[in-house]
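See structure below.
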Amino acid sequence: MAKTETEKETPKMKPRPIVRLGIFLISHSFLVSVVCCTAGVLALLLLPVLAKNTYISENALMPGSASSLLSNHDIAEANRLVNELSSLNLERKDAGIESQKILARYMSDLGAEVSYHKFHPPQNHFHPLHFFSSPHSGIIGENFSCSSYGVNTVGIIRSPRGDGKEAIVLVTPYNFGRSDSSETLSLSIAYSVFSLLSRVTWLAKDIIWLIADSQYGEHESVAAWLRDYHTPSFTGLVSLNADACVEGNNLYISKDNSVVQGKISDGFGRAGTMAAALVLKVTDRNGLWDDTLSIYAEASNGQMPNLDLINIVNYLAVHRQGLHVQIQKFWSDLDLKWLEFLGKTFELLGKVARSLNPNWKFGIPASDYIEGTTTLASSLYYQALGIPTGPHGAFRDFQVDAITLEISPRVSSNNKARRNEFLLRGGRLIEGVIRSVNNLLEKFHQSFFLYLLTSPSKFVSVGVYMIAFALLVAPLPLVAASLYADANELDFGMKNDKYTPMDTASNEINITFRSWKWLSAAKEVFVVHIWGVIVLLLPYFICQMRDWSPTTSFVSWVFLAMLSLLILYLILGSPFSHGYSLEKGEWAMLKSVTISAIFIGLLLMSVVNFATAEIGALLMVPMSLMAQPLKPDIRAASLRSFFRVICNLVLGFVAFPPVTFFMLKGIFEGPDCINLGDFWNWLESLWAWNSATYIYIGMVHLPCWVLCIHILLHSC
Amino acid sequence: MYSAPQWSFRPATGNIRYGMLPREAVCTENLTPWLKLLPCRDKDGLSALMDRPSIYKSFYHSQRLHLTSNKSGPEGMNPGIILEQTLTVVLQPNSQRTSVTYSGEKNVQPSWSLSSIFGRKVSGRCVLAKSSNVYLQLERGLVAELKKNKNNGVGNIASEGFWSGTGFELSVRPDKVFEEENSSHRRGSSVLFEFSIDKYSDSQPFDLGLKWKFPVTWSSEPAPLHASRFLMGSGNERGAIAILLKSADLNDASLGTCSSSNGYKFRVDVFQVVPWYVKVYYHTLQLFVNGQPKAVGDVIETIHVSPSKDKISPGVMEMVLQFPCDVKSAALTLEFDKGFLHIDEYPPDANQGFDIPSAAISFPNFYTSLLFPGNCSVDKSPMLSKFQEKNPVLSYTEVLLVPLTTPDFSMPYNVITITCTVFALYFGSLLNVLRRRVDEEERLLKSKAGKTTPLSGLLSKLSAKLRGRPQETPQSPSNSSSLISSKLLLKVFLVAVLAVAWQYYFG
């Protein structure tokens, strides 16, 4: 009693400043969250303005310092190869094998070691335990048929004066048998470079040219080759080739007479550690103005190759070969008024800033801004998907930096002189890149690995784009803490209420009781997360039904998910039919725990795949912060509460993953091509590619969305 | 890095020290210390051929020092240390790769001469040298081809007319011609030409040349098994070393001494040194023979392993393998963990990776020796006696490049800054705690009890407003607090204006 009296006399003790700051923030969580969220979205929109110009960080690369050696002679050789390939009768059954033989002969004539690599395309299975594991370690199915196998052709040039410890890989996907002229063009570019490299003296790394058999997908063939390169099985393949598929072996038998040098081996050609890989493709998508080069870099789970690799390609393509370089972007044909307005605003701001001080380099032209934003959006989206955008993704799984270069000629490739010029440009680009990488003593490590591109020559590094995410996420713990404090009626000594000296003992008990109240809310959150895991694993069972259409699968999945939710509630006790007193603090406690779960989930995801976390935060944070029971608001019937109800409903609707997907699809592709099965296909692609986004959707996004909806519908 | 193999290099007796340098940047000065050991350096004699550009243009070069201590001279020599210097260079004569057959026509293989290969000529021997000879060896395969082409049925190749008659022409007449005693090799016997350069001088330098008359294709004799070594796995954590042995030519039963009838097996010795930061787990040794996994005990006769000690000694593995005679391919894999190095121990360019020196694989049943008929003055020349020694065939595998985890080398700076921050925080709060007396604050507060601090009043008011609750103390302090806050705001605004003005005029 004496203690309470002294406290009564004196004001409370002042806590430490840092604690006071925390308490201050918590007690003003509403304002803080509004400011932070707005700032987060604004920072995201500002990223194109803050983007820096790329520069070549590793000095050893020295791109473009040597003049190109590729001559018309090599082009003529390549044309000879193409003529021979195209003169093959494509109707014949063994046209693919014939063209492989031709390619092998041409390669070995250049003095390269040639080998074939046979692979079986892996079946599409749902492997719930294969997320994050090493890519496809030893999952060779038992029941493949002899007819379905692909053959990669691999040529290796040994560097005459190198030590053979490192290699550069050049990949050209080629669909043997059903190839079109543009694929043949990519072969001829690669061949002209290869023939040049077989003569040059400056080679310090071996060159591997992989002609990937793309009849089962470009990524599959490259991944299969890499898998056998890094984790060969010494037992399986020998017997398999020998007894199971006799028919396939004619490739090896027939080679003996054609090759005198004996450089074609049936073993697996190897050449040391890979330094970098380039995937070369030619498409017939005619560029409007010029030969265009598209760069694809996103690998699985949003991993990017070292920025230096993109830099040298961009530098050589723009400054040496005069190609028009682009990377993927969204909305290129959509005119977005608000984006334009925003761009103009930033431009104006930049002008004002410059008039104040000419040293302030702020603001870019509005057209650049729109361009940058659309590129940034696609960059974010493809990183967030976690699906590689080309065969280069297979290399990233083995820590090899790789990009896909897709060159498309200006006009169709009928004009011969024009085609030769195109070949020369493409070939010189590849030669220059290989020469730069060849200069490299160490592996790529100087430049950034975590970045977003806003144009081929502009990037936003991790230090800048983290700010947007941090601002979005920052209010979450504050709001959670303030809700918790409110529900427990704690005051942190900031509210100088009259301290009523109650009966201390009962007060103590009350406080301890109330401070454990969060456990029931945590239990509920936990149950919903378990439900999320179950929903995540349901496709495993649905996949067993082979003949179901995507729409059926999707509907059955939704049905099963709801059923499992019901069952879980029945077993573990439904909070809907809960008997305990519906005091005001209950939903607040639930919201507090939900927000903490979202916070933890988003932070974890930002480590695995930043872009997913960013997009997830954009969707989840406003919804979870706004969530409040609808009933009292409807009862209040004031303008403010009506507005809140509308916001809640809209945010809750938008954040539901299928709705988000269909809305985006409707925006990009028009509303008429929305099909229920699309979402199933999309998710299937996510788990087929072992994307962490799938886990995020199942274990963070969906449960938290359900919890928010639960709060909205709370009956208080 | 060196090690002491026990029985891998067998002919030697006593203690062997075996060292290897897996990586050395190419530099023309690399040869200098080696040349300094020669009596005439590269000034005179045969070593005048050592033109650095042409040697470092080669496809392969290796220099070797072989030191043998000769305590009790068996042949009446003084006790001492014998130094053998070997330089192996693989050169391509007058590189014609640019015009290699496009249309399939066969060119005559390029002719060569010493001056076209090395860019120099030999003008006499070094005065300190006892003997100075150049040997030209025609391989067994080549001799067999030439014999086939000649088709004359002349029995004795080493006869006088051979070197000008068949296929090629030598610009200098050899002093002696040796033909190998035809032993068990069915391919033919190699031929050795000896040129003594005693009689040449500055005015008449020695310039051996060889001119081909018609194209001959032959392949040099391969080792019985082709050995290659590669890394498996990916990532910075672990990996595996695999050694793959493949039968060189399946058609030819080249494993001559091995016949399966008498149960004799084909023996292969493997010697491998691995630096300590690649932590090899020797128990994970797996063996595959002809694509079938084999128990370790079935194939390995003896194995000697000395595991690595961190920062002290590398791991050494010696194995004697016995393969069945019909072995086509054999593979052995060893798993390893990648270790961490101290930041001082990283070499320059650490991001390139770390090299594992090549493994030596020897075939004790096969010898490289050439046996010449005893009638010639063989034992006079040390080179020829060297040829006759019974050395097992030895093949070296590739050097491997293991990427290890490397720290960010700008890290020390970051570490220093962050440690300083942490220390400052720690000592600051420690001193704060030490300096403060218990209950001092309470006493202080008591002294100015009664008046509420304006800031807290403001805060409570703000928070109450934000919560949408009526403030419970609507008393006089609100006035003063708003006054103070407006003052504070004014101050902040003033400072901001000042800063902008400063930036504008002086920035």
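Within every chain, numbering begins at 1; the chains are lettered A, B, ... in the order of the sequence lines, protein sequences first and strands thereafter.
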Output the distance between atom CD (B:E398) and atom CG (A:D163), rounded to the nearest 0.5 Å.
11.0 Å

For B:Q352 and A:E166, the nearest pair of non-hydrogen atoms, with its separation, is NE2-OE1, 3.8 Å

Looking only at non-hydrogen atoms, find the nearest pair between B:M232 and A:P232 and report the distance.
CG-CD, 3.5 Å

Engaged part of B:A240 at the chain A interface, taking heavy atoms whose separation is under 4.5 Å:
neither

With rounding to the nearest 0.5 Å, note down the distance linking NZ in A:K165 to CG in B:L231.
11.5 Å

B:L425, CG: over 12 other non-hydrogen atoms inside 6.0 angstrom:
yes

By side chain to side chain donor-acceptor pair (under 3.5 Å), which residues pair with B:S228, not counting sequence neighbours?
none

Most heavy-atom pairs under 4.5 Å with chain A, out of B:N236, B:L244, B:D349, B:V402, belong to B:D349

For A:N306, check side chain to side chain contact (heavy atoms under 4.5 Å, CB included) against everything at least two apart and list the hits.
A:D308, A:D401, A:F444, A:S447, A:F449

Crowding at CZ, A:R354 (>12 non-hydrogen neighbours, <6.0 Å):
yes

Taken to the nearest 0.5 Å, the spacing of A:Q446 CD from B:N351 CG works out to 8.0 Å

Contact summary for A:T273 and B:P403, nearest pair of heavy atoms
CG2-CG, 4.1 Å

Could you give the distance from OG1 (B:T406) to NE2 (A:H445), rounded to the nearest 0.5 Å?
7.0 Å

One option among B:V500, B:L401, B:T333 has the most heavy-atom pairs under 4.5 Å with chain A, and it is B:L401

